[in-house]
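What follows is one structure encoded as structure tokens, with my remarks underneath.
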2 protein chains.
Amino acid sequence: MNSIDFKKMLKERGYKLTPQRQAVLDIIAKHDGEHLSPEEIYDLVKETQPEIGLATVYRTLLLLDDMGLVYKLNLDDGLTRYELNNQKEDHRHHHLICMGCKKIFEVQEDLLDNLEEQILRKNKFKVVDHKVKFYGYCEDCSKE
Amino acid sequence: MNSIDFKKMLKERGYKLTPQRQAVLDIIAKHDGEHLSPEEIYDLVKETQPEIGLATVYRTLLLLDDMGLVYKLNLDDGLTRYELNNQKEDHRHHHLICMGCKKIFEVQEDLLDNLEEQILRKNKFKVVDHKVKFYGYCEDCSKE
DNA sequence: GTCATTGCAAACCATTTGCATCCGT
DNA sequence: ACGGATGCAAATGGTTTGCAATGAC
């Protein structure tokens, strides 16, 4: 996402492009594949924008989530975490949480289409998104 | 779950059966199908145990979750919610969150077995549980 | 009697909010 | 210049914790 598109998207919604908003988005984009907490994002943004406030980070994350640029995660560690909402993926990827070492893995497959069709047929409920977490044991932790 | 079994399960883990613990479990069992918050459970338990403290409710919920008697939910309303972990179901049911009216619906189907097998094969990750939420629009809200 | 459990109040901590100032447009 | 955005500090609110008293076994 370059600044031009971002600015346009913001403008459509009546928002302004500020250095703080750009910086937060940049950091999340730069750390694609990671799951950053607001505090971590704050610390990273401060490296280039030392004067930014934590509240602004929170407000920006809310905005980015609303705009669908960012995806909010709850990985059961007591913090909210965010990752870039990568438009290139056909479907959302899922997270595997290892109950042994607590590491997070990702699965690119998203085979919930059948299930979502069934839900539409049987429950007359039109699914537009889902959040899925799998709990279990990774290869290393399975061996013990 | 009757008191005898509950007491036995607690004993196995070195815990004692107290009236507070029994009361919390009873309330959750009595409200099977609902999604109660700690505060709501506290209020309901207080009807029969007026002296109970909220901290005890929290501690008991942690315990019941550990023991697998209760299932912790996050339905995106800012509160943690709990429901009875019904042993009678073959699989866990899933929740549908209507983005229109915010109502919660349930699907009994749990067709994630294929997916979990694939995850085991491709990622060598042994799934033992999952949490799934579907977001969309219920029948009424789809009409608009 | 012993040791886990409880109730209370205080502490915690992530997140939100009020408000004066600042700044993008 | 206008109105949205920011930074700061204070407030919020769910959850956890310390501790003395209580109660299950």
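Below, chains carry the letters A, B, ... as their sequence lines are ordered, and counting in each starts from 1. All values below come from the heavy atoms of this structure, side chains included, with hydrogens, waters and symmetry mates left out.
- Scanning for side chain to side chain contact (heavy atoms under 4.5 Å, CB included) contacts around Glu40(B) gives Leu36(B), Ser37(B), Arg81(B), with sequence neighbours left out.
- Mapping heavy-atom proximity under 4.0 Å, the span of DNA chain C touched by chain A runs 5' to 3' from dA14(C) to dT25(C).
- Although no hydrogens or angles enter the test, the distance criterion places a donor-acceptor pair under 3.5 Å between the side chain of Arg21(A) and the main chain of Lys16(A).
- Within residues 72-85 of chain B, the residues approaching DNA chain D are Leu79(B), Thr80(B), by heavy-atom distance under 4.0 Å.
- Atoms CG (Leu54(A)) and P (dA10(D)) sit 15 Å apart, rounded to a whole Å.
- Between Leu64(A) and Thr60(A) there is a side-chain heavy-atom pair separated by less than 4.5 Å.
- Shown here are the side-chain hydrogen bond (donor to acceptor under 3.5 Å, both in side chains) partners of Glu139(B), two or more places apart in sequence or in another chain: there are none.
- Helix-axis bend for the helix from dG1(C)-dC25(D) to dT25(C)-dA1(D): the local axis fitted to the five terminal pairs at one end deviates from that at the other end by 40°, rounded to 10°.
- Remark: Glu51(B) in residues 28-51 of chain B come within less than 4.0 Å of DNA chain C through at least one heavy atom.
- Distance Leu63(A) CG to dG4(D) P: 14 Å, rounded to the nearest Å.
- Side-chain contact, Asp26(A) with Gln22(A): a donor N or O sits under 3.5 Å from an acceptor N or O.
- Applying the side chain to side chain contact (heavy atoms under 4.5 Å, CB included) test to Gln20(B) and every residue at least two apart in sequence or in another chain returns Thr18(B), Ile52(B), Thr56(B).
- Within the 4.5 Å cutoff, the side chain of Arg121(B) has heavy atoms near those of the Gln118(B) side chain.
- For the side chain to side chain contact (heavy atoms under 4.5 Å, CB included) test, residues two or more places apart in sequence or in another chain that qualify with Asp76(A) are Asn74(A), Ile97(A), Lys133(A), Tyr135(A).
- Inter-residue side-chain proximity for Met99(B) and Lys126(A) is flagged as unmet; no heavy-atom pair is nearer than 4.5 Å.
- Between Gln49(B) and Val24(B), the closest side-chain pair of non-hydrogen atoms is not below 4.5 Å.
- With sequence neighbours excluded, the residues satisfying side-chain hydrogen bond (donor to acceptor under 3.5 Å, both in side chains) with Glu116(A) are His130(A).
- With sequence neighbours excluded, the residues satisfying side chain to side chain contact (heavy atoms under 4.5 Å, CB included) with Ala55(B) are Arg59(B).
- Proximity of Leu69(A) to Met9(A): side-chain heavy atoms (C-beta onward) are separated by under 4.5 Å at one or more points.
- Looking at heavy atoms from C-beta onward, Leu84(A) lies out of side-chain contact with Tyr71(A) at the 4.5 angstrom threshold.
- By the 4.5 Å side-chain criterion applied to Ile, Leu, Val, Met, Phe, Trp and Tyr, Phe125(B) is assigned to a cluster that also includes Leu96(A), Phe105(A), Val107(A), Leu111(A), Leu112(A), Leu115(A), Ile119(A), Phe125(A), Val127(A), Val132(A), Phe134(A), Leu96(B), Phe105(B), Val107(B), Leu111(B), Leu112(B), Leu115(B), Ile119(B), Val127(B), Val132(B), Phe134(B).
- One can place CG of Leu62(B) at 11 Å from P of dT15(D), the figure rounded to the nearest angstrom.
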* Structure fact -> With B for base contact, S for sugar-phosphate-only contact and - for none (protein heavy atoms under 4.0 Å), nucleotides 17-25 of chain D reads BB----BBS
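- The side chain of Tyr58(B) contributes no N or O atom lying less than 4.0 Å from OP1 or OP2 of dT16(D).
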